[in-house]
Trainee: 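First the structure, which I've put down as structure tokens, then a few questions once you've had a look.
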Amino acid sequence: MSLQIEGMTKRFGTNTVLRGVDLALAPGTITAFMGANGAGKSTLVKIVAGVHSASGGTMTLDGRPFAPVTPSAALRAGVVVVHQIINDNVVLTMDVLENLMIDRLCAGGSPIFRRRTHRDEAQAMLDRVGLDVPLSAELADLPLADRQMVAIARALAHDPKLLILDEPTSALSDSEAERLFAVLEGLRDQGVPILYISHRMGDIRRLADRIVTLRDGRVTGDFSAPLDYSGAVRAMLGAALDAAAHDRVPPGPPVLTARGLRVLPGAAPLDIDLNAAEVTAIVGLVGAGKTELAETLYGLRRPLAGKMTLNGAPYAPRHPGDAVAAGVFMAAEDRTGGSIVPDFDLARNVTLPFLGAFSQFGMMRRDREARRASEAIAALDIVAQGPDDPIASLSGGNQQKVVLARWLTRPARVLILDEPFQGVDIAARRDIGRALRATARDRATLVLCSDLDEAIELADRIVILSHGALRAEQEAGALDRTALVHAMSAAA
Amino acid sequence: MPDTVLTASEPPARSGADLRVLAVRWGLIVLLLGMVGFFAAAEPAFLSVRNMVIVLQSVSIVAILALGVTCTLVVGGFDLSIGSVAASALMAASYVMVVWEGGTLAAVAACLALGLLVGLVNGLLIVKLRVPDLLATLGMMFLLLGLQLIPTAGRSIATGMSLPDGTVAEGRFTATFLALGRHRVWDTVPISVLVMLALAVAITVFLTFTRWGRVMYAIGSNPQAARLAGANVERYKIAAYMISGLCASIGGILLAARVGRGDVSSGNSLLLDAVAAALIGFAVFGAGKPNAVGTAIGALFVGLLLNGLTMMNAPYYTQDAIKGAVLVAALMFTFGLSVRRS
Ligand SMILES: Nc1ncnc2c1ncn2[C@@H]1O[C@H](COP(=O)(O)OP(=O)(O)OP(=O)(O)O)[C@@H](O)[C@H]1O
Ligand SMILES: [Mg+2]
């Protein structure tokens with residue numbers, strides 16, 4: 001199958017997002033679609049998927065006009081899409097089997113749904129992507145990475161004739177991503193055209209046969225083999241990317257210390273110091289206990305054993321409110337589920353934890369909020385019309401920047417960032433990294449990453465976690481990447 | 001970073017979209033004014049000060065209950081027990097004055113305490129035991145409807161009634177208490193209307209302008225995000241149900257003062273009218289979310305409709321049908337338009 005898009009335009013109110021996009025997807029090719037946050041990638045995908053309707057332009061599928069009015073119309077035509085917002089792809093209140101079989105449920109068939117008859121089929125779908133979770137696990141209880149894998153498994157089971165993946169690896173670790181890549185290559189060899197959106201250069205290097213770049217709603221580059229990666233980045237940004245090197249800052253005194261801390265049952269106790277001015281990155285595979293560690297530091301769960309101190313005083317938060325009051329902030333991993341308030345505008349999303357600082361005698365001061373929001377828009381280059389923008393109208397990467405801006409609003413003692421760069425483009429990642437490092441002086445910063453390159457780019461010190469215990473520790477400047485990779489996988 | 005340039009050459013949004021935005025924002029107000037115009041034309045007495053005061057008085061108790069429900073809607077909950085809290089407060093006030101021969105203050109305090117207590121229990125059931133809000137408050141509704149009958153063995157409370165133990169109740173409603181329902185400030189405005197206005201202003205200010213109201217809206221929109229931002233979600237939810245219980249008991253006090261006896265069947269329709277008012281409130285000014293101003297206007301909408309129909313001598317048995325039809329039309333009009341796909 002092949003898809004041909006011609007002169008596609010899209011406006012949201014007065015905001016023109018796509019300005020005449022031409023794109024042809026040929027059989028048996030993986031096309032990487034690159035563009036900065038807010039360039040219009042997801043918007044284009046949603047039009048192809050029948051979620052939005054185009055303001056102008058035409059699409060043809062195998063030479064026939066194609067204008068899906070609903071997502072199911074696109075699906076019937078064989079166009080399968082995994083959307084960027086992970087929770088949009090799954091039903092959180094249903095279990096794995098039901099999520100995998102949901103299309104079957106909607107498509108008719110026997111009026112009685114018997115789990116037994118679908119069990120083998122669902123298990124085969126999981127095996128195809130190498131996901132090992134119980135079929136009866138509720139999606140809300142699964143980590144983000146597993147939810148994403150369930151969504152991918154379901155998409156693949158549709159027998160796609162055209163497959164579009166919008167940042168599928170933003171929540172995945174290397175090994176999970178690798179399994180996905182193998183499946184995608186299999187599909188490509190069967191002749192399925194694949195459009196692959198990602199901000200991870202590693203993915204693109206690994207997979208892409210062709211790169212198309214989008215900037216401000218226009219196609220600015222179309223590269224085929226041999227691929228010129230830096231040329232593609234230049235075309236996507238309109239400027240060259242500066243180097244990411246940074247100097248290691250000498251660490252200050254410890255701010256938060258943990259002694260004999262156990263966050264996973266059966267794990268070895270863990271000692272760690274988070275020092276002032278230092279950016280510590282913890283990397284580890286999914287399930288290594290990164291999120292559990294962060295949640296323990298943030299008062300979301302009690303440690304199974306061990307003690308923590310903050311600036312020398314005992315620290316045992318019972319609730320995130322305690323942590324915030326003590327100056328320990330955390331940007332959660334699950335952006336849609338744990339950070340974004342969908343009914344609020346941009347400014348209200350930024351100020352949420354610090355309402356006291358934006359009010360007087362209990363009354364909110366909108367002017368102060370708007371000022372802070374404008375400041376954040378400028379500082380983090382958020383693509384938005386202004387502080388009053390509904391948060392849902394921002395692109396995924398820009399929503400992520402809003403979350404980061406939220407936690408940079410007040411000075412922190414300890415700032416914990418769980419997967420802070422999900423969906424953030426390369427240039428913005430540099431900018432945010434710089435902003436984080438520039439403000440890191442008076443606090444301890446802890447970053448949890450599943451991507452080693454992101455960690456190397458940002459951190460002064462990299463710590464590997466596996467099964468809830470520390471495995472290896474390296475300082476920036478004297479990094480041995482192979483040893484780190486080895487430590488990560490050996491631990492698994 | 002690319003800067004998103006907004007070129008002036010792009011055509012502005014189609015006027016159709018603008019019209020839709022206008023309809024979403026003003027639709028309900030236009031409908032309200034149209035309805036008033038229609039009734040006024042058909043029945044000139046409709047717009048008289050006297051009739052407007054009657055409308056406001058009948059609206060006030062419903063509105064007070066609806067303001068409470070609005071607070072629970074804001075945190076993503078729902079309170080079905082308000083009608084029975086109001087009815088129980090009415091019985092409690094009567095019992096305190098008639099059977100125990102207590103004073104005004106004691107009666108009012110007993111009612112307010114009852115409302116707060118019921119709200120607290122609702123909140124604890126929902127937050128601590130994780131009973132779904134509809135079930136918890138539905139259970140509470142039945143419980144209260146039954147409990148209020150027990151002290152008097154199912155009979156209404158009035159001076160001179162004989163009690164289950166054989167004695168005769170000697171107390172009576174105090175004059176001060178009755179004044180709450182019957183006195184008119186400057187000979188026109190009933191006290192219940194003033195209470196309603198004061199509560200509407202207070203809850204509007206609380207929900208829209210204070211930091212606590214802001215947190216409540218955040219909880220309603222994404223409780224997990226609110227929690228991770230440091231809010232004590234459980235406490236806020238309990239507080240919302242306590243506000244709701246308190247409002248309902250204030251409504252019950254005013255009702256008791258107006259009726260002047262502990263009538264078992266008073267306040268039967270309060271729940272549905274209050275919920276209707278709060279839901280119509282979603283549509284006022286295109287808010288799309290619970291809000292106190294909308295709720296007050298929603299209550300006015302329902303009150304004006306009923307009053308107009310009565311004045312035009314519409315048979316009582318058609319009133320519910322017309323009320324339902326107008327409600328559905330109003331909601332269709334505003335919600336249907338606002339969720340159109342882009
Ligand atoms: N429903 C909407 N209403 C209004 N504006 C929208 C809407 N959806 C997207 N936009 C705007 O369209 C622009 C492009 O958004 P889009 O999600 O396509 O970006 P993207 O290229 O996918 O970015 P990212 O890499 O961050 O995911 C953004 O400026 C965004 O604010
Ligand atoms: Mg996107």
Side-chain angles (χ1 to χ4, degrees), chain A residues 11-17 19 35-39 51-53 70 215-217 236-239 298 300 319-325 329-332 334 336-344 348-349 351-356 358-359 361-364 381 383-385 406 425 427-428 431, chain B residues 1-18 20-21 73-76 132 202 204-236 282 287-291 338-342:
Chain A
R11 277 186 305 272
F12 290 106
T14 55
N15 183 10
T16 303
V17 175
R19 301 160 189 266
N37 294 134
V51 176
H52 290 325
S53 50
T70 61
R215 177 153 53 92
D216 288 346
M236 129 186 188
L237 298 175
Y298 196 53
L300 277 164
H319 177 274
D322 294 348
V324 173
F329 303 162
M330 181 179 90
D334 179 1
T336 31
S339 297
I340 294 292
V341 179
D343 289 347
F344 279 11
R348 288 181 168 85
N349 265 289
T351 57
L352 181 61
F354 309 109
L355 296 180
F358 294 92
S359 59
F361 312 116
M363 298 288 168
M364 293 306 303
D381 253 322
V383 182
Q385 316 281 302
R406 169 190 290 176
D425 72 52
D431 292 346
Chain B
M1 283 298 300
D3 39 346
T4 310
V5 195
L6 286 175
T7 44
S9 62
E10 300 292 346
R14 285 150 301 142
S15 56
D18 287 346
R20 210 173 71 205
V21 171
L73 288 170
V74 167
V75 294
T204 302
V205 169
F206 175 72
L207 286 178
T208 13
F209 297 110
T210 69
R211 37 190 285 216
W212 304 286
R214 176 70 65 81
V215 175
M216 288 181 46
Y217 275 111
I219 291 171
S221 180
N222 185 345
Q224 177 68 353
R227 199 160 87 97
L228 291 179
N232 193 328
V233 174
E234 304 194 338
R235 270 195 218 151
Y236 276 96
F282 278 51
K289 59 184 183 196
N291 67 99
S338 59
V339 296
R340 196 72 71 68
R341 91 195 200 112
S342 46

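Residue numbers begin at 1 in each chain, while the letters A, B, ... track the order of the sequences.
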Trainee: Please enumerate all residues that pass side chain to side chain donor-acceptor pair (under 3.5 Å) together with A/Arg406, with sequence neighbours excluded.
Mentor: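 For A/Arg406, the residues satisfying side chain to side chain donor-acceptor pair (under 3.5 Å) (neighbours in sequence not counted) are A/Asn349.
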
Trainee: Please look at A/Thr351 and chain B and tell me whether the side chain, the backbone, both or neither of the residue comes under 4.5 angstrom of a heavy atom of that chain.
Mentor: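 Just its side chain gets close to chain B.
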
Trainee: Go through the steps to decide whether A/Asp334 and B/Gln224 satisfy the test side-chain contact (heavy atoms from CB on, under 4.5 Å), and finish with yes or no.
Mentor: CA-CA 10 Å; A/Asp334 179 1; B/Gln224 177 68 353; over 6 Å; no

Trainee: Among A/Ala325, A/Ala39, A/Gly217, A/Pro353, which has the most heavy-atom pairs under 4.5 Å with chain B?
Mentor: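 Greatest number of close heavy-atom pairs with chain B: A/Pro353.
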
Trainee: side-chain contact (heavy atoms from CB on, under 4.5 Å) for A/Val341 and B/Tyr217? Distances and angles first, verdict last.
Mentor: CA-CA 9 Å; A/Val341 179; B/Tyr217 275 111; over 6 Å; no

Trainee: Can you name the closest pair of heavy atoms from A/Ile340 and B/Ala225 and give their distance?
Mentor: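 So the two residues come closest at O-CB, 3.9 Å.
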
Trainee: State, yes or no, whether a side-chain contact exists between B/Asn222 and A/Pro342 at a heavy-atom distance under 4.5 Å.
Mentor: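 Yes, side chains in contact.
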
Trainee: Of the backbone (N, CA, C, O) and the side chain (C-beta and beyond), which part of B/Ala231 lies under 4.5 Å from a heavy atom of chain A, both, or neither?
Mentor: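 Contact with chain A involves the backbone of B/Ala231 alone.
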
Trainee: Based on non-hydrogen pairs under 4.5 Å, which of A/Gly337, A/Ala331, A/Ala323 is most in contact with chain B?
Mentor: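 If we count pairs closer than 4.5 Å to chain B, A/Gly337 comes out on top.
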
Trainee: Under the side-chain contact (heavy atoms from CB on, under 4.5 Å) criterion, do B/Val205 and A/Met363 qualify, and how do the steps go?
Mentor: CA-CA 9 Å; B/Val205 169; A/Met363 298 288 168; 3.5 Å; yes

Trainee: Please report the closest heavy-atom contact between A/Ala332 and B/Leu228, naming both atoms and the distance.
Mentor: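 A/Ala332 and B/Leu228 have their closest heavy atoms at CB-CD1, 3.6 Å.
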
Trainee: What residues, two or more places apart in sequence or in another chain, satisfy salt bridge (Lys or Arg N to Asp or Glu O under 4.0 Å) together with A/Asp343?
Mentor: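 A/Asp343 satisfies salt bridge (Lys or Arg N to Asp or Glu O under 4.0 Å) with no other residue.
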
Trainee: So which heavy atom on A/Leu300 is nearest to which on B/Arg227, and how close?
Mentor: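 In terms of heavy atoms, the two residues are closest at CD2-NH2, 3.5 Å.
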
Trainee: Please state whether the side chain, the backbone, both or neither of A/Ser339 comes within less than 4.5 Å of a heavy atom of chain B.
Mentor: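 When you check distances to chain B, only backbone atoms of A/Ser339 fall under 4.5 Å.
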
Trainee: What part of A/Tyr298 is in contact with chain B, defined as an atom under 4.5 angstrom from a non-hydrogen atom: side chain, backbone, both or neither?
Mentor: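 For A/Tyr298, side-chain heavy atoms alone lie under 4.5 Å from chain B.
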
Trainee: Can you see which heavy atom on B/Ala218 is nearest to which on A/Leu352, and at what distance?
Mentor: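 Shortest heavy-atom separation between B/Ala218 and A/Leu352 comes out as CB-CD1, 3.7 Å.
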
